[in-house]
Amino acid sequence: QLQASGGGLVQAGGSLRLSCAASGRTVTDHVMGWFRQAPGKEREFVATISWSGQTTYYVDSMKGRFTISRDNAKNTVYLQMDSLKPEDTAVYYCAARRTLSSRKGTDYPYWGQGTQVTVSS
């Protein structure tokens, strides 16, 4: 089970750090990803990180603002979000899969419940 947390209401330009803790299974050997879904829009890829933490991928619009990281000792992955914009408002989901990183949500069999991020202008 994946439990996402850390969402909330923040002003534009602010920061939030999301956490995704795994319980009941280890994800230390899994690729972890963050996705988001805004109201009325399709779910979109945000970032992914390899099991070792050495390889990360981001959607271009978030490079330099968002940072994905993981602490395998805590079975947890993080998403540090800086310089937030109103268009970053969405429900953010973490997901896990074995093998290779992927930007496709359908490639991830394990999902958390989502955490709401709201950025006010």
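Partners of Ser50 by side-chain hydrogen bond (donor to acceptor under 3.5 Å, both in side chains), not counting sequence neighbours, listed by chain and number: Ser52. In this view, Gln80 and Ser15, Arg17, Thr67, Asp82 satisfy the side-chain contact (heavy atoms from CB on, under 4.5 Å) rule, not counting sequence neighbours. With sequence neighbours excluded, no residue forms a salt bridge (Lys or Arg N to Asp or Glu O under 4.0 Å) with Arg43. Listed by chain and number, the residues in a side-chain contact (heavy atoms from CB on, under 4.5 Å) with Ala21 are Thr76 (sequence neighbours excluded). With sequence neighbours excluded, the residues forming a side-chain contact (heavy atoms from CB on, under 4.5 Å) with Ser69 are Tyr78, listed by chain and number. Listed by chain and number, the residues in a salt bridge (Lys or Arg N to Asp or Glu O under 4.0 Å) with Arg98 are Asp29 (sequence neighbours excluded). For Ser5, the side-chain hydrogen bond (donor to acceptor under 3.5 Å, both in side chains) test picks out no residue, with sequence neighbours left out. Considering only residues two or more places apart in sequence or on other chains, Arg97 meets the side-chain hydrogen bond (donor to acceptor under 3.5 Å, both in side chains) condition with none of them. Looking at residues two or more places apart in sequence or on another chain, you find a side-chain hydrogen bond (donor to acceptor under 3.5 Å, both in side chains) between Gln116 and Thr118. Scanning for salt bridge (Lys or Arg N to Asp or Glu O under 4.0 Å) contacts around Glu44 gives Arg36, with sequence neighbours left out. Listed by chain and number, the residues in a side-chain contact (heavy atoms from CB on, under 4.5 Å) with Val119 are Val10, Ala12, Leu84, Pro86, Asp88, Thr89, Val117 (sequence neighbours excluded).
Taken to the nearest 0.5 Å, the OG atom of Ser19 stands 10.5 Å off from the CD atom of Gln3. Taken from SG in Cys94 to CD in Gln113, the straight-line distance is 7.0 Å, to the nearest 0.5 Å.
Counting all heavy atoms, side chain and backbone alike, Met32 lies closest to Val77 at CE-CG1, 3.8 Å. Taking every heavy atom of both residues into account, Leu16 and Gly6 meet most closely at CD2-O, 3.8 Å. When every heavy atom of Leu79 is checked against every heavy atom of Ala47, the shortest pair comes out as CD1-CB, 4.4 Å. Taking both residues in full, the closest heavy atoms of Ser83 and Arg65 are given as O-NH1, 3.0 Å, listed atom of the first, atom of the second, then distance. The two residues Ala22 and Leu2 make their nearest non-hydrogen contact at CB-CD2, 3.7 Å.
With a 4.5 Å cut-off on side-chain heavy atoms, His30 and Tyr110 count as touching. Residues Thr115 and Leu18 are in side-chain contact: their nearest non-hydrogen atoms beyond the backbone lie under 4.5 Å apart. Proximity of Tyr93 to Val91: side-chain heavy atoms (C-beta onward) are separated by under 4.5 Å at one or more points. Residues Tyr92 and Met81 are in side-chain contact: their nearest non-hydrogen atoms beyond the backbone lie under 4.5 Å apart.
The number of heavy atoms from other shown groups lying within 6.0 Å of CH2 (Trp111) is above 12.
Between the side chains of Asp107 and Ser102, at least one donor N or O sits under 3.5 Å from an acceptor N or O.
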Are Thr28 and Asn75 close enough, and set up right, to give a side chain to side chain contact (heavy atoms under 4.5 Å, CB included), and what steps lead you there?
-> CA-CA 6 Å; Thr28 57; Asn75 222 19; 3.7 Å; yes
Check step by step if side chain to side chain contact (heavy atoms under 4.5 Å, CB included) holds for Phe45 and Trp34.
-> CA-CA 7 Å; Phe45 167 76; Trp34 284 98; over 6 Å; no
Could you go through the side chain to side chain contact (heavy atoms under 4.5 Å, CB included) check for Phe35 and Thr48 one step at a time?
-> CA-CA 9 Å; Phe35 295 79; Thr48 185; over 6 Å; no
Could you list the donor-acceptor pairs under 3.5 angstrom formed between side-chain atoms of residues 57-64 and any protein atom two or more places apart in sequence or on another chain?
unit_1	atom_1	unit_2	atom_2	d
Tyr58	OH	Ile68	N	2.8
Asp60	OD1	Lys63	NZ	3.3

